[in-house]
Participant: 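So that we are looking at the same thing, I have put the structure below in structure tokens.
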Amino acid sequence: MCGIVGYIGSREAYPIIIKALKRLEYRGYDSAGVALINETAELNIYKTKGKVADLEQQVGSHDASGHVGIAHTRWATHGEPNEINAHPHYSASGNLALIHNGIIENYATIKEKLQKAGYEFRSSTDTEVLVQLIEYVQVSHNLDLLSAVQLALQEVIGAYAIAILDRRRPDTIIAARQSSPLAIGIGDNEFFLASDASPIVEHTNRVVYLEDGEIAVLRKGENLHVVTQDNCKVNPQISTINLNIGQLEKGGYPHFMLKEIFEQPDCIRDCMRGRINVEGTDIALSAVIDHQEQLLNARRFVIVACGTSWHAALIGKYLIEQFCRFPVEVEYASEFRYRNPVIDEKDVVIAISQSGETADTLAAIEEAKKKGAFVYGICNAIGSSIARATHTGSFIHVGPEIGVASTKAFTGQVTVLTMLALTLARIKGCISTEKFQEIVGELDQIPEKMKQVVKLNDSIAQLSKIFTYAHNFIYLGRGYNYPVAMEGALKLKEISYIHAEGYPAAEMKHGPIALIDTEMPVVVVATHNQQYEKIVSNIQEIKARQGKVIALVSEGDTQIKKVADYSIELPRTLPCLDPLITTIPLQLLAYHIAICKGKDVDQPRNLAKSVTVE
Ligand code: G6P
């Protein structure tokens, strides 16, 4: 949520930071801005409503020279997205420029204090308060910038990743972190900074992730200097990152979302690599093996997550309860963190997050740790805050997900949850060897079956054209396919702006059935499993009310195909692995409907990929 970048070195900063900003646009894209210090120590700031491309137009032929700069792409929290509220914000004297990701919770109190001291504010943002505060502290105590930042931040309550330039010190950027991610790339006599490592990898693979409370001084020609607010020196831990640029590009696809849908067969193979044996008969998740004592002694499991990850969590509950016979609860992280949940050291909390930066999930983890629970993370982003905050965990290894609507991360999360449940069931001794090997063998086949599913792309694109008229959609599923129905509805909502609800199929008669008429498309996930006959009846109920049924069925199905208006045939698998197959056509359906409606699928309105505020 909000992307921040910076560069200091011997090269021209502007092209580097604009490119970096584009890579971070998935985090927010309602306005953008850049600040650069040129050779004559002028601070040039350009800002605009809109995307980074609009910013480039705005800069046009103006002076964008200089070897140091910071830039920002915004997801508005305080104040509407417009030029004035866009970052960088600058201090009253015009000497300091600052970019910020996060929320300053006590900004109103600080603002009032500064107003009393004669400060005037141009914008409605909490960020402007921060830059004015730093200048106020600097001037009133006659401090250098680092000391002023250290002192000012002691007054601040909230979450921030910030970077500051001082017109009078063009050789330095100061950056600080509290509960919002910040990565610093170390190059050859140059530094890069960004909200995540993705814009840094094309320049260097040496990265330092700042920790909460740390302040970094990026000074040309010197080593990275990191201190705390109390001025204690910190030895920065340099990580080597293995991201390749190809993973960050569209690779010939029109959108990241489509690319990421099509990548799923390979991603799931990568996710299982080294965890499933070559014969496809055994599986082991090392974090489960290494922490079996904590996991086997659990009284119950609680899974916390948000958005799509929460849907994966629901599937995790079904898997762990079915195979491991532990009670499992699933909670929205945002609710969990504030309701003083009954959790203690006998509980295991699983936190699921693609980005590893979602503020509510991170806070839920802290709450669980405070109460003594053992916390297991399932993340995609290596080096992310959640990956570091949990006691142990498993990465899903599906590569960077750029499209705002999550696709491959969902199937990756479900794959890891399946491997977790199977490994745990095996060491708990509550699954027969036969059953275990049957599921592992079938899981091993999933990437091949996914390849067959993505081949349905063209026919789903054709089908989508029929439904652009719809203002509402219902998605229904039972058992493992109920969370899939919810995820399908979420995908459609997120990118096409069509209202959609996912329901357990049997619940339809307790409310949603009232909505069904000739106009209402109902997507039913009706693959072959124990509840097949029940879902056939649900489809009959919809047809009796003239609803339009789009059914996902198993290959060879004849019964539903006769009743449904449209059917999508999918390769058969075990019911517990169905979500890995049935989710994909729903991703494609949402994608193509949104495309037909001319929507921006990779950057849908009002959304952000990484929600680092509450
Ligand atoms: C945002 C994204 C969703 C994502 C959710 C949770 O809302 O747009 O796609 O599912 O955050 O994100 P996380 O990174 O924690 O999985």
Side-chain angles (χ1 to χ4, degrees), residues 1-3 24-30 75 77 101 179-181 195-196 198 255-257 260-261 303-316 330-337 349-366 375 377-390 393-396 398-417 483-484 486-497 502 583 586-587 590-591 594 599-614:
M1 203 146 260
C2 294
L24 290 185
E25 235 179 345
Y26 71 86
R27 301 177 67 86
Y29 33 80
D30 57 42
W75 186 89
T77 58
N101 167 30
S179 307
S180 284
S195 298
D196 68 42
S198 62
H255 299 99
F256 281 111
M257 182 177 175
E260 287 157 7
I261 294 173
I303 315 184
V304 293
C306 303
T308 288
S309 301
W310 186 81
H311 294 153
L314 289 178
I315 296 170
V330 174
E331 281 228 40
Y332 286 115
S334 55
E335 288 299 313
F336 179 90
R337 63 181 290 193
V349 170
I350 300 179
I352 308 179
S353 174
Q354 185 285 128
S355 61
E357 299 296 348
T358 302
D360 283 323
T361 310
L362 196 51
I365 290 167
E366 295 308 335
V375 186
I378 297 180
C379 289
N380 191 30
I382 292 162
S384 59
S385 305
I386 291 177
R388 286 178 290 137
T390 43
S394 307
F395 286 109
I396 61 173
V398 298
E401 192 181 64
I402 315 281
V404 165
S406 185
T407 52
K408 62 177 182 173
F410 177 77
T411 43
Q413 290 162 346
V414 173
T415 305
V416 163
L417 285 161
V484 171
M486 295 178 77
E487 175 57 11
L490 178 64
K491 283 297 86 90
L492 187 71
K493 219 175 323 200
E494 283 177 315
I495 59 172
S496 73
Y497 318 144
T583 305
L586 302 186
Q587 297 167 345
Y591 171 82
K599 305 298 181 205
D600 183 347
V601 291
D602 279 342
Q603 294 176 352
R605 74 178 177 210
N606 302 339
L607 298 180
K609 181 128 198 90
S610 180
V611 182
T612 51
V613 297
E614 291 184 35

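Computed from a prediction, not measured in an experiment: that's the story for all the values here. Numbering of residues begins at 1 and proceeds along the displayed sequence. Start at 1 and go down the list; that is how both ligands and their atoms are numbered.
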Participant: Under a 3.5 Å cutoff, is there a donor and acceptor pairing between the side chains of S406 and E401?
Facilitator: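 Looking only at side-chain atoms, E401 and S406 do form a donor-acceptor pair, the distance falling under 3.5 Å.
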Participant: Taking W75 for the side chain and N606 for the main chain, is one N or O donor matched with an acceptor at less than 3.5 Å?
Facilitator: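 Side chain of W75 to backbone of N606, a donor-acceptor pair under 3.5 Å: yes, one is there.
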Participant: Can you tell me which residue and heavy atom of the protein come closest to atom 7 (O) of ligand 1, and the distance to 0.1 Å?
Facilitator: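 Atom 7 (O) of ligand 1 sits closest to the protein heavy atom V611 CG2, 3.8 Å.
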Participant: Inspect the contact between R337 and E366 and indicate whether a charged nitrogen and a carboxylate oxygen are less than 4.0 angstrom apart.
Facilitator: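 Salt bridge between E366 and R337, a charged N being under 4.0 Å from a carboxylate O: no.
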Participant: Under 4.0 Å from ligand 1, counting heavy atoms only, is it the side chain of A608, its backbone, both or neither?
Facilitator: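 Contact part for A608 vs ligand 1: backbone (N, CA, C, O).
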Participant: Side chains of E357 and S385: any donor to acceptor distance under 3.5 Å?
Facilitator: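 Per modelled atom types, S385 and E357 side chains form a pair under 3.5 Å.
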Participant: Within the 4.0 Å heavy-atom shell around S353, which atoms of ligand 1 are there?
Facilitator: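 That gives atoms 13 (P), 14 (O), 15 (O), 16 (O) of ligand 1.
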Participant: Check if C306 has a non-hydrogen atom at a distance under 4.0 Å from any atom of ligand 1.
Facilitator: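 Contact check C306 vs ligand 1: positive.
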Participant: Which of the atoms in ligand 1, numbered in the order shown and given with their element, are less than 4.0 Å from a heavy-atom of K609?
Facilitator: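 Those atoms are 1 (C), 2 (C), 11 (O).
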Participant: Atoms of ligand 1 less than 4.0 Å from V404 heavy atoms?
Facilitator: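 Once the distances to V404 are compared, the set is 8 (O), 9 (O).
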Participant: State whether the shortest distance between N or O atoms of Q413 and N or O atoms of ligand 1 falls below 3.5 angstrom.
Facilitator: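 Min N/O separation from ligand 1 is not below 3.5 Å for Q413.
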Participant: Please test T358 against D360 for side-chain hydrogen bond (donor to acceptor under 3.5 Å, both in side chains), starting from the C-alpha separation and ending with a verdict.
Facilitator: CA-CA 6 Å; T358 302; D360 283 323; over 6 Å; no
Participant: For ligand 1, which atoms have a heavy atom of S309 less than 4.0 angstrom away?
Facilitator: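 Going through ligand 1 atom by atom, the ones under 4.0 Å from S309 are 10 (O), 13 (P), 16 (O).
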Participant: Classify the ring geometry between Y591 and H255 as parallel (under 30°), tilted (30 to 60°) or perpendicular (over 60°).
Facilitator: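 Correct class here is perpendicular.
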Participant: Are any of the N/O atoms on T358, whether in the backbone or the side chain, positioned under 3.5 angstrom from an N/O atom of ligand 1?
Facilitator: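 Between T358 and ligand 1, an N or O pair is found under 3.5 Å apart.
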Participant: Going by the atom numbers of ligand 1, which of them fall below 4.0 Å from some non-hydrogen atom of S406?
Facilitator: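 So the atoms of ligand 1 that pass are 9 (O).
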Participant: Would you say F410 and I396 make side-chain contact, with heavy atoms under 4.5 Å?
Facilitator: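 They are not in side-chain contact.
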Participant: Examine distances only and state if a side-chain atom of K609 and a backbone atom of Y26 form a donor-acceptor pair shorter than 3.5 Å.
Facilitator: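 Checking the backbone N and O of Y26 against the side chain of K609, no donor-acceptor pair under 3.5 Å is found.
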Participant: Going by the atom numbers of ligand 1, which of them fall below 4.0 Å from some non-hydrogen atom of T308?
Facilitator: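 Counting from 1, the qualifying ligand atoms are 10 (O).
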